[in-house]
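No hydrogens, no waters, no symmetry mates; every other heavy atom, side chains included, goes into these values.
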Amino acid sequence: MTKIILVTGSTDGIGLETAKRLAAQGHTVLMHGRNPVKLENATQAVSEIPGAGHIEGYVSDLSMMANVVALATAITAQYPTLDVIINNAGVLKVSQTTTDEGIDVRFAVNTIAPYLLTQVLLPSMSASGRIVNVSSAAQAPVNLNALAGPPMLDDMTAYAQSKLALTMWTRTLALQSDIMLVSVNPGSYLSTKMVKDAFGVPGNDLSIGADILTRAALDAEFADATGKYYDNDGRRFAHPHPDGLNEEKCNAVVQTIEAVLEKL
């Protein structure tokens, strides 16, 4: 049975490769990107894959929460029911670290935007729906003040904290929802623009990440994975940073995200 699958950040890198794999299986793939030209080129390329299902593109800058809500509204207007959300969009090294809403862009895009998008779209998820959150092997204890306020951290520190925060809210929401939510490290140093810009290395094959995200979205091995963390470097379900299993700290992250959203 084909599914309706949203992949954020799917104009290049792991997101694009994942969209290609899903399209080739005949699924309806909703592709998202910030740049309209890149999105148009990406959706055209994916739609030309033999056997591709319907491909739809959505432009949105996820650093602004009003845009996140608008994206969700546009999607549900066309697709009242979704089967899978892959929250893949993310940033590491940026030229401007503060959003127009006054928060750290790394936390905004990597943590808060996927949380808000997930919350708005949850009522539209099918009974067997899945939400796959792209985490990272880079995880560090979350400074709640940094999560809530203007930038105060360097790129790598903010990235590592934002990815742990994503992993933490995934676990918290999983305990409260009937929908399967899982966080996945797709693999370290894959050949993405992010890795090339941040570390100056060519990176590993993107198919490593696309394979695990496709499996998490569709395969039976992830049917009971809700609340878990999959480490693709080790090819297994594993423990995230210890804070990711601390209920009190996870709840504090969720409460901080909610407080940020209430102010915007």
Exercise. In terms of ring plane angle, is the pair H54 and Y79 parallel, tilted or perpendicular, where the classes change at 30° and 60°?
Worked result: tilted

Exercise. Within the side chain of T111, is there an N or O that forms a donor-acceptor pair under 3.5 Å with the backbone of S162?
Worked result: yes

Exercise. Would you call the rings of Y115 and W169 parallel, tilted or perpendicular, where under 30° means parallel and over 60° means perpendicular?
Worked result: perpendicular

For this session: Drop me the distance from T172's OG1 to N251's CG, to the nearest 0.5 angstrom.
Result: 5.0 Å

For this session: Would you check if there is a donor-acceptor pair between the side chains of N87 and N133 at a distance under 3.5 Å?
Result: yes

Problem set entry | For the student: nearest non-hydrogen atoms of N88 and G9, plus distance | ND2-O, 2.8 Å

Exercise. Under 4.5 Å between any side-chain heavy atoms of L261 and L116, yes or no?
Worked result: yes

Problem set entry | For T81 against I4, the heavy-atom pair lying closest together | O-CD1, 3.6 Å

Exercise. Take atom CD in E247; do more than 12 heavy atoms of anything else shown fall under 6.0 Å from it?
Worked result: no

Problem set entry | Enclosure of D219 CG (heavy-atom neighbours >12, cutoff 6.0 Å) | yes

For this session: Please collect all side-chain hydrogen bond (donor to acceptor under 3.5 Å, both in side chains) contacts where either partner lies in residues 134-145, sequence neighbours excluded, each pair once.
Result: S135-T167, Q139-Y229

Problem set entry | Residues E48 and Q44: side-chain donor-acceptor under 3.5 angstrom | yes

For this session: Might you point out which heavy atoms bring Q161 and V142 nearest each other, and give the distance in Å?
Result: O-CG2, 3.5 Å

Problem set entry | Beyond-backbone contact of M125 with I131, side-chain heavy atoms, under 4.5 angstrom | yes

Exercise. Does a donor on one side chain sit under 3.5 Å from an acceptor on the other, for N185 and D231?
Worked result: yes

For this session: Give, for atom CD1 of I112 and atom CD of E101, the distance between the pair rounded to the nearest 0.5 Å.
Result: 9.0 Å

For this session: Go through the side-chain N and O atoms of Y58 and Q78 and say whether any donor and acceptor fall under 3.5 Å apart.
Result: yes

Exercise. Which value, rounded to the nearest 0.5 Å, describes the distance between N110 atom CG and K163 atom NZ?
Worked result: 5.0 Å

Exercise. Quick one: CZ on F107 to OH on Y159, what's the gap to the nearest 0.5 Å?
Worked result: 12.5 Å

Problem set entry | D155 vs K93, salt bridge (charged side-chain N to carboxylate O under 4.0 Å, His left out): CA-CA, chis, key distance, verdict | CA-CA 6 Å; D155 288 326; K93 192 173 183 179; 5.9 Å; no

Seminar exercise, completed: Taken to the nearest 0.5 Å, the spacing of L82 CG from S126 OG works out to 8.0 Å

Exercise. How close do L164 and H241 get, heavy atom to heavy atom, and via which atoms?
Worked result: CD1-CB, 3.8 Å

Problem set entry | L245 and H239, any side-chain heavy atoms less than 4.5 Å apart | yes

Exercise. Of the options V132, T226, L181, which is the one that meets T170 in a side-chain contact (heavy atoms from CB on, under 4.5 Å)?
Worked result: L181

Problem set entry | Flag for D233-S188: side-chain donor and acceptor within less than 3.5 Å | yes

Exercise. How close do M156 and A138 get, heavy atom to heavy atom, and via which atoms?
Worked result: CE-CB, 3.6 Å

For this session: Assess whether atom CD of E40 is packed by more than 12 heavy atoms of other residues, nucleotides or ligands within 6.0 Å.
Result: no

Exercise. Nearest heavy-atom pair of D104 and P151: which atoms, and what distance?
Worked result: OD2-CA, 3.6 Å

Exercise. Taking C-beta and beyond as the side chain, do L206 and T192 meet within less than 4.5 Å on heavy atoms?
Worked result: yes

Problem set entry | Short side-chain donor-acceptor distance under 3.5 Å, T157 and D154 | yes

Problem set entry | Residues, nucleotides or ligands: over 12 heavy atoms within 6.0 Å of R215 CZ | yes

Seminar exercise, completed: Taken to the nearest 0.5 Å, the spacing of D83 CG from L218 CG works out to 9.5 Å

